[in-house]
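For reference, the structure discussed in these notes is given below.
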Amino acid sequence: MSTGPALGCRADDFTGATDLAGNLASAGHRTVVTVGVPRAAPADVDAVVVALKSRTAPRESAVADALRAHRALAEAGCTRLWFKYCSTFDSTPEGNIGPVTDALLEATGAEWTIACPAFPAGGRTVYQGHLFVHGRPLHETGMRDHPLTPMTDSDLVRVLRPQTSHGVGLLPHQVLRAGPRAVRAHVARLRSEGVRTVVTDAIDDSDLSAVEYATRHLPLVTGGSGLALALPGGTTEARDIAVAPGPAAVLAGSLSEATAEQIAHARRTLPNRHLPVTEALASPARAAAAAAKWAAPHLAAGRTVLLHSADDTASVRRSHARYGAARVAQAVEETLADCARALAERGVRRFVVAGGETSGAVVTALGLRSLRIGPVFAPGVCWAGACWRGHSVNLVLKSGSFGAFDLFTAAEDRLRGPARPGFPRDFATVTVTSRHRHTANDRPAPPVLARRPYWSAARTGPPPAPAPAAGTGAGLAACRCPWRP
């Protein structure tokens, strides 16, 4: 029986940590999230996800945090490391994904690794090295105007090359689908050219299974959370968490298009308050105190409240132009963190938090040290349980770009509804490519997509049994790959 984790994961923000942990739990791996580098490894778990706050950190700081987490996880007995970053590859040319990957390659002794941000169930696919979000090239989505990590190029090989001292190559879809022998030959060719980081195409879950099979021997993998759903060997279902009694609050600090839609929908039914940037800049503590005072009668009446930092993208641009994006972001984080603390002191026990930086600020303000993963109710979104001053609390830490328009109003029902020990595959959908096309300048165009149930009979027949752990005789026969060697 396992007494310690074999898989150690380092996530560059708190929403990414719960995103990955939720998928690991859905795949049947006992998983815990620690806030910061743990002093000691939790016992009787298969995976530990270390939540850091380093997505927008300077390179030197991000590398130091990653190496500190690696040392702690290695001492805990982890034999494989996962560097988790956002599935939208949030990183400017001066970003830290490349430097952290370089440092971890050396620390783990890995000859090469992958960069696999694809998460088809969440609408993130990679084709010919280009990242698409719900069928649109990344640079044509709202990520183009992200205030801290604007993505103006969807070509991940081109984005990553300036960040790393090693070569970056591509494992294209046609090679991936040709089978493991073709993949091995292609990677060997890239390695002979000095490549150590290989960006992988993946347009559906069968592609992720192929990537997992081809790379399960690597001591280091990097990317989003989607690949976790393809990991073999899981046997334990994620457990439900107790519903914490008391009122609830939604804290939205993200400026993404998805969060803006969620705010607009929630404002129709929830008591809501906009947190003006000028008040946050003047004094986060006073702005939070005023918000908590406003919320008090609504909470006393048992109503969920919504506090949000932005009304629309135009106002965001104006405030950034006037005060500076970094200064505004810091003020908003501090204000919402103070709001979380003040609301918890007034009895709020359930929080839905939108935005990676905001989630990190909230968890830190509440002094939480670990999170137990509960039901996953949407791709990349789950409830988690924690302890605050002796009280149980529930949290959703949501990436700004994840979730349907009604997530803020539906999250409570998902927590209180029928037990859902993981994102249910029979309800999930994946993107299935029916054909590809290219534009005149040979830039890959988004696949033409069809939506169908994940385990529909039209796709693969009945669900296969979980694959045994690597190295067992039956492992290949049970592998969820679209091909066999």
Side-chain angles (χ1 to χ4, degrees), residues 13-15 53 56 142-143 145-150 247-301 303-346 348 351-366 396-401 403 405 407-409:
D13 76 350
F14 288 69
T15 59
K53 196 170 181 289
T56 58
M143 288 302 300
D145 300 315
H146 193 285
L148 300 178
T149 54
V250 179
L251 306 176
S254 170
L255 306 177
S256 73
E257 290 180 349
T259 298
E261 292 179 357
Q262 291 155 2
I263 291 172
H265 179 78
R267 288 176 66 180
R268 300 173 187 170
T269 55
L270 299 183
N272 58 88
R273 180 182 174 95
H274 172 235
L275 303 173
V277 168
T278 51
E279 293 182 12
L281 289 168
S283 172
R286 284 200 300 271
K293 183 178 180 180
W294 163 84
H298 298 292
L299 298 174
R303 302 193 68 189
T304 299
V305 297
L306 165 66
L307 301 176
H308 58 100
S309 63
D311 275 327
D312 53 62
T313 56
S315 64
V316 171
R317 292 193 186 98
R318 287 194 298 270
S319 64
H320 287 176
R322 183 172 181 181
Y323 303 109
R327 185 185 172 200
V328 169
Q330 182 65 32
V332 168
E333 284 178 38
E334 292 181 13
T335 301
L336 287 171
D338 288 343
C339 284
R341 191 184 300 111
L343 292 173
E345 291 170 352
R346 290 177 179 265
V348 172
F351 294 91
V352 177
V353 188
E357 300 299 316
T358 303
S359 294
V362 166
V363 169
T364 301
L366 294 178
V396 170
L397 306 178
K398 182 195 82 73
S399 169
S401 57
F405 70 95
L407 186 140
F408 290 164
T409 54

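Because the structure is predicted, anything quoted here is derived from the model rather than measured.
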For the [atom1] atom of [X] and the [atom2] atom of [Y], what is their distance to the nearest 0.5 Å?
| X | Y | atom1 | atom2 | result |
| --- | --- | --- | --- | --- |
| R267 | H274 | CZ | NE2 | 8.5 Å |
| H308 | F408 | NE2 | CZ | 10.0 Å |
| L307 | L270 | CG | CG | 10.5 Å |
| C339 | W294 | SG | CH2 | 10.0 Å |
| L306 | H298 | CG | NE2 | 11.0 Å |
| L251 | T335 | CG | OG1 | 11.5 Å |

Measure from the side-chain N and O atoms of [X] to the backbone N and O of [Y], and report whether any donor-acceptor pair falls under 3.5 Å.
| X | Y | value |
| --- | --- | --- |
| Q262 | G403 | yes |
| S319 | V316 | yes |
| D338 | L336 | no |
| K398 | G400 | yes |

Flag the pair [X] / [Y] as yes when at least one side-chain heavy-atom distance between them is below 4.5 Å, and no otherwise.
| X | Y | value |
| --- | --- | --- |
| V332 | L275 | no |
| F351 | L366 | yes |
| V305 | N272 | no |

Closest heavy-atom contact between [X] and [Y]?
| X | Y | value |
| --- | --- | --- |
| G355 | T15 | O-CG2, 3.7 Å |
| E279 | A287 | O-CB, 3.9 Å |
| T364 | G360 | OG1-O, 2.8 Å |
| A361 | A337 | O-CB, 3.5 Å |
| A292 | L343 | CA-CD2, 4.3 Å |
| T358 | S254 | OG1-N, 4.4 Å |

Salt bridge check: are K53 and E357 linked by an N-O gap of less than 4.0 Å? yes
